[in-house]
Asker: 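Pasting a structure below so you can have a look.
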Amino acid sequence: MLYPYRTLPQHEKSITLKDQKKNGKEQPWKEKKIASLDYAELLHILEFNKASRVQQCGTVLDFNVDHEGYLTLAHAWFCKSRLCQICNWRRAMKHSGQTKKIVAEVIRRKPKARWLFLTLTVKNVYDGEELNQNLSEMARGFRKMVQYKKVAKNMIGFMRASEVTVNPKDHSYNQHLHVLLCVESTYFKNQDNYIKQNEWTQFWQKAMKLDYTPVVNVQAIKPKNGEKSDIASAVDETAKYPVKSTDYMTDDRDRNLQVVKDLEEGLRQKRLISYGGLLKEVHKELHMDEVDDEEADLIHTDEDEAEEVAYSIVAIWNWQKKKYLIH
């Protein structure tokens, strides 16, 4: 977005940040910061030590500006908390960018491979301890399932992302896995290779040792229309399911406090994104960091980079006006 920074009147000390990308989309810095502060307030009430750390997340943003006036984040400090809206937004962008590159490279190496999207669920749970245990069990169950003979012989690689949503009616937590599967081209050619919907369900039930039939959904990724390639469709389907920030802010303050407490316990020390097979190899070859790690770089998220830096600006959160001002 073209900014008249260099032509500001001398009496103007600052202007409101507007980070608009070349595609016309404006980055929601203000909205994410306000949501992060609401989360920090809940943490403070719950007496979490990291409350002040979350409160300071993304307070100062240092941008590079190119000759057309478009901004690229150059420096910032992020708290990396699991439920922080700013950090989850940055993680989602980074996850999307990495997945697009990985999928494109895998398709280049395996042009005849097919892609599936698999969703695996289990029954809802009602507190943080159950949630933490369930997520661990699902990760183990998935590792076991992909080793089953019929699955393994078809598998080229996968990307697995965990998601947790809150049921507003009974206040339970729904934990499920979204899995992008890359399989051999022979997968659809005969019954020895093809895995039907009910087979996937049976495999998941067996791997998880469930005494009920879980909800499992599988679909082939196909071009949405004649103008879009298989590669573009596969990337779109993958990018649709990043690890999302859970919506825990309602009008019920007591309920919000309980949800935050449960989610903090449930997501503690959990790896929510993982790769396997060729996708894992490509991730490593491209020297990508782990989006889930506390050391992950959330500044560079594969968004548009400034080709040639013309100058830099600093945007600072104004606590009274509740917005970022450029100084």
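These numbers were taken from a predicted model, which means no experiment stands behind them.
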Asker: Side-chain contact, heavy-atom cut-off 4.5 Å: Y39 with Q85?
Answerer: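 The answer is no, as the side chains (C-beta and beyond) never meet within the 4.5 Å cut-off.
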
Asker: Looking at Q55 and W319, what are the two nearest heavy atoms and their distance?
Answerer: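 So the two residues come closest at O-CH2, 3.5 Å.
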
Asker: Can a donor-acceptor pair be found, under 3.5 Å and without considering hydrogens, that links the side chain of R255 to the backbone of H171?
Answerer: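 Yes, the answer is positive, given that a donor and an acceptor are paired below the 3.5 Å cut-off.
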
Asker: Using side chain to side chain contact (heavy atoms under 4.5 Å, CB included) as the criterion, point out the one residue from V106, V103, L278 that pairs with C182.
Answerer: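 Only one option passes, and that is V106.
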
Asker: State, with a plain yes or no, whether a side-chain heavy atom of W200 is found less than 4.5 Å away from one of L120.
Answerer: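 Heavy-atom side-chain distance check fails, nothing below 4.5 Å.
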
Asker: Between P214 and Q205, which heavy-atom pair has the shortest distance, and what is it?
Answerer: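 Taking every non-hydrogen atom into account, CD-CB, 3.8 Å.
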
Asker: Take a 6.0 Å sphere around CD of Q56 and say whether it holds more than 12 heavy atoms from other residues, nucleotides or ligands.
Answerer: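 For Q56, atom CD is crowded (more than 12 foreign heavy atoms under 6.0 Å).
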
Asker: Can I86 be reached from L298 by stepping across I, L, V, M, F, W or Y side chains whose heavy atoms are under 4.5 Å apart?
Answerer: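 Yes, because L298 and I86 connect within a single hydrophobic cluster, where side-chain heavy atoms sit under 4.5 Å apart.
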
Asker: Got more than 12 heavy atoms from elsewhere within 6.0 Å of NZ, K153?
Answerer: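 Yes, NZ of K153 has more than 12 neighbouring heavy atoms, counting only those of other groups under 6.0 Å.
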
Asker: Which of parallel (below 30°), tilted (30 to 60°) and perpendicular (above 60°) describes W317 and Y324?
Answerer: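 The arrangement is perpendicular - the two ring planes meet at more than 60°.
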
Asker: For the CG atom of L272 and the CD atom of Q175, what is their distance to the nearest 0.5 Å?
Answerer: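 One finds 12.0 Å between CG of L272 and CD of Q175.
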
Asker: Can you establish whether the number of heavy atoms outside N49 located under 6.0 Å from its atom CG is more than 12?
Answerer: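 No.
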
Asker: Hey, are the side chains of Y194 and N154 touching, using non-hydrogen atoms and a 4.5 Å cut-off?
Answerer: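 Of all side-chain heavy-atom pairs linking N154 with Y194, none is under 4.5 Å.
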
Asker: For the ring pair (Phe, Tyr, Trp, His ring centres under 6.0 Å) test, which of W204, F158, Y148 pairs with F142?
Answerer: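 One option only clears the test, and that one is F158.
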
Asker: Is it possible for you to check whether K123 lies under 6.0 Å from the centre of the six-membered ring of Y212, through NZ or CZ, and within 45° of that ring's axis?
Answerer: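 Yes, K123 sits over the ring of Y212.
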
Asker: Are there over 12 heavy-atom neighbours, none belonging to K150, within less than 6.0 Å of that residue's NZ?
Answerer: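 Result for NZ/K150: enclosed.
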
